[in-house]
Amino acid sequence: MSLPTAFNALQEQLLNAAKKFATDAQPLSEMLTALIQDVEKASSEPLEIFPVCHHSPSSALQMVRRLREKPPKVIYLELCEDLQNTVENLRDCKLPVALQAFAAESEHFSPKIMPLSVVAPITEASAEYQAIAFALQNPETQLVFVDRAVDFVFQWEPPDTKLAEESEEPASDEAKMHGSAVGVEVGSLVPTFDQFLSFLLRNSNTRHFSEWWDEYVETAIIGADYDTYRQVMFLIGSLMRRLGTRNKDIEIDRQRERYMWTTMKKHMAAHNIAPSKAIYICGAAHSASDVAEYSVNNNNLWEIPERTQTKWLYGLIPSSFAAIEYQFHHPAGTVSLAEATWKKNLKVTGLKGFSLNKEEKHTKTKPSPVTATNSTLAAFLTRPPELAIADTEQLLQWCADIVGLARKNAYLASTADSIAIYQTSMLLAGMRNRMHPTPYDFQDAAITCLEKDRTPKKRNIYQLCQILLGGDRIGTVGYASLPPLAQDVYDRLQPLGVNLLAQTNQRALMDFKQQPELLPCSDVLWRLHYLLGDTIVKPIMGDRSLGSKPIQESWEIRIGKYQRHLIMVGYEGVSIEQVLEQRLKQTAFSPQAKTSDVLKATEDSILYARSLRLTQELGEHAISLLKQETGVSDAPQVFERVRRLVHYYRATPTGLPQWIENFVTTGYGHYATLLPQAFADRGTTPEQIAGMLNFIFTLESLALSLGCNRSQLLIGVKQSSQGLDDPAKIGLLWTTEWLLTLRKLEEIREFFNDVINNEMLIKSFPEYLNGFILSLTFAPRISKFVVELLSKLFATVPDKILLPWLPSLILKLRPHAQILQGLIKEASSNFPKSLAGFNNWIPAWSKPQPDMQKQVQLVDAAPTLSESELRIREFLFNYSATTNVLAKLLGIGNLSWEDNLELSENPSNNLSESESKAQQLINTYSATLNYFAAVL
């Protein structure tokens, strides 16, 4: 290829260097020739190509110069074409922000990468923002995004590639602002070929590519003339494309280049745009592409493939310098340093950047004074870099300011440290073959001179350097650019009087007695808390539960700081109530949803949605799921939620709704039917069976009143005892049979007496005990028997037998701490109140129980008592403790129950003293005693 004279001279110098230093000059000379050809190819293209690097202040500065000197008619920009409609909303935003495309679901992509999200961050110190701002301020200039649509971002890159790119969790909340989105950028030049990157950094004494770029490219071209800037960027782009990029990344770049050139050619043909009236802004690596569609000198067009049917939503989200650095794997502080360099050079050159926050008058301005050096690429590459005086002054200012910041953060620093930092910076720059210290040299020098063994306060010297050099900045999306849902939330929270756009935490205190009009604000905050957790709103005081009425609430509001989360919710609906209903239905009607999950969604609908229609729909769905369930894995959760709902509805004026009545009756019959299966199934735990029995016995009175039949339960219990060998389940079953009068307590006591006295069987005692303890939740009266069992165990079993399995007993009791509270109360009522009381104490279960049948026969032999009096007398002796209390309250005195009651020795009215007092009680309060007898 015939090259211009300037490029011939440069090529000759490069080839001579290759022959002198390379062992095999032929491959190197061919590569160098290709680089020069790429520069010539891009420079001679009729459609002016403006090469850029991502968030490069030199690219932004050169863009401002180019647009002010010669405004184009059309600006073609390397950004996803379907993101263009969102740029109009940038007027209302505080940078940095990100253009976003979002899809919650898609049938064409892997579920592993859902939801789909693409972000394109925008900062003021970027060429793309300067171009966008210029086009929006100058309607005569048309802005066209020409890169592939966001749908192709996921079509052309395999999903596993995206999953592999996920790195460790970012250190700060600001770095997480983009979430799991895929980032797209204008002018990515970071090498993806690891071997080339490591070679580049090692030979340049730099730690990462951003430092290399800032030292060897950025500072060199930021003050260059326009032609030199373009040629240098073309050369670097060609170098990175040929040596620094993996093959699979090159293929993706070629697809994008075919797409962009085809789009631009079609647009120019449709709108009759001459190439000289347009400018094409793209990454330097795309400037000298080898695809057939490259250049407007040919008519080659690529057949753009079809997009999928994925429904994409578009908008803006807030961004931050930390989020951009994390998204594109830049070291911390890279974007803030670029912003500082941009502002410094604007001041030095006298240029004024384009900004959408301050509208410029549409008057013709004079071109900025730029010295025309007519320097060629060869002259630029061979001259030494110039040392700017402003850089020295800036370094001196940094050295003084970092010492001031360090002293504010409790570091012992003085003016001498400022001098040491300056000298160390100069020393490091000399060791690294640099003409002047870079910000990275300054950071290393500051850490060397100031850092201690421990950090006095929250920030160390590295963090203070980041703050000094620009720090992080968080963007804000303005009200007018927010989705309708977010605007609605802002409007409804306006009565709180807090700044919802502030980046700091806001505190809202609501007293509903004094300001009942704030109750709707409370509803909005609780709904946001339900959807987003503690991220953007956090309750400090107050809660929301069934049946509760709020009096005062205190909230910490961080909507401005975490605005992205609210915007993401805005993609799901137009109001927060709509999103809440969608989330509840999504949870309830999920294929993996259980009955307890649907009941939770039903309870949440009462608390937050307050929609009778939605609550009834979810409740009926819970009934249908309960009928379909063949297991009882979530029976405890179902019981707890249904019991809470029943108590809540009983306190309402309308009472129980139809769906909760149907659920209780369905659940009673369902669990009664599943009892035999649950007891026989080894996979069903005793806790799950206890949940079933809790449901049955606790809600039995309501179920029976609604038409259920207890015979179904009796049949199920009788069938459950067949072949049962699990000790814990046996304990549950025997308690159930005792409640249903199918088993006597004496039989259970006799069995456990044998267990305690048998060294082989006593090892299973903790399992039996576990079943009885679980039964306390639905049969609290069994607690007396459990206390008896434990007392007998510790009183009779020798230590050599008891101690080996005592840990097992403790482990069985540990999960039931809440249930054991009732057991402890029962034990305290049986045992003496002091240690001295144990000397002559006899347990109630060890005392001889009176033979009630014999007593009844004796009563029958008494000729002086009527039939009703005999029944009352039997009642009094059966409940002697209660009779003593009644006698004491009535002033009759203590009754002695130890007297000989054999009436055969008293054939007539010759009654004992205790019987006389009891007779007096009977005669005086016969009606009351008759009532008690009937009740018991």
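In this chain, residues are counted from 1 in sequence order.
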I'd like to know whether CD1 of I540 has more than 12 heavy-atom contacts from other residues, nucleotides or ligands below 6.0 angstrom. yes

Q658 meets the side-chain contact (heavy atoms from CB on, under 4.5 Å) criterion, sequence neighbours left out, with E661, N662

Sorted by chain and residue number, the salt bridge (Lys or Arg N to Asp or Glu O under 4.0 Å) partners of E553 (sequence neighbours excluded) come out as none

Contact list for residues 601-613, test salt bridge (charged side-chain N to carboxylate O under 4.0 Å, His left out), sequence neighbours left out: D523-R610, E581-R613, K600-D604, E603-R641, E603-R644, R613-E617

Donor-acceptor side-chain pairing of Q100 and S117 below 3.5 angstrom: yes

Centroid-centroid under 6.0 Å between F328 and H55 rings: no

Could you tell me whether E81 and K266 make a salt bridge, using a distance below 4.0 angstrom between a side-chain N and a carboxylate O? no

Residues at least two apart in sequence or cross-chain that pass side-chain contact (heavy atoms from CB on, under 4.5 Å) with K549, listed by chain then number, are none

Count the heavy atoms of every other residue, nucleotide or ligand shown that sit under 6.0 Å from CG of L546, and state whether that count exceeds 12. yes

Specify the closest pair of heavy atoms between L531 and R583, including all atoms of both residues, with the distance to one decimal. O-NH1, 3.4 Å

Check step by step if side-chain hydrogen bond (donor to acceptor under 3.5 Å, both in side chains) holds for Q142 and H271. CA-CA 11 Å; Q142 184 180 3; H271 297 83; 4.5 Å; no

Sorted by chain and residue number, the side-chain contact (heavy atoms from CB on, under 4.5 Å) partners of T587 (sequence neighbours excluded) come out as none

Over all heavy atoms of both residues, which pair between A181 and Q327 is shortest? Give the atoms and the distance, please. O-NE2, 3.1 Å

Salt bridge (charged side-chain N to carboxylate O under 4.0 Å, His left out): which pairs involve residues 495-509, sequence neighbours left out? R507-E556

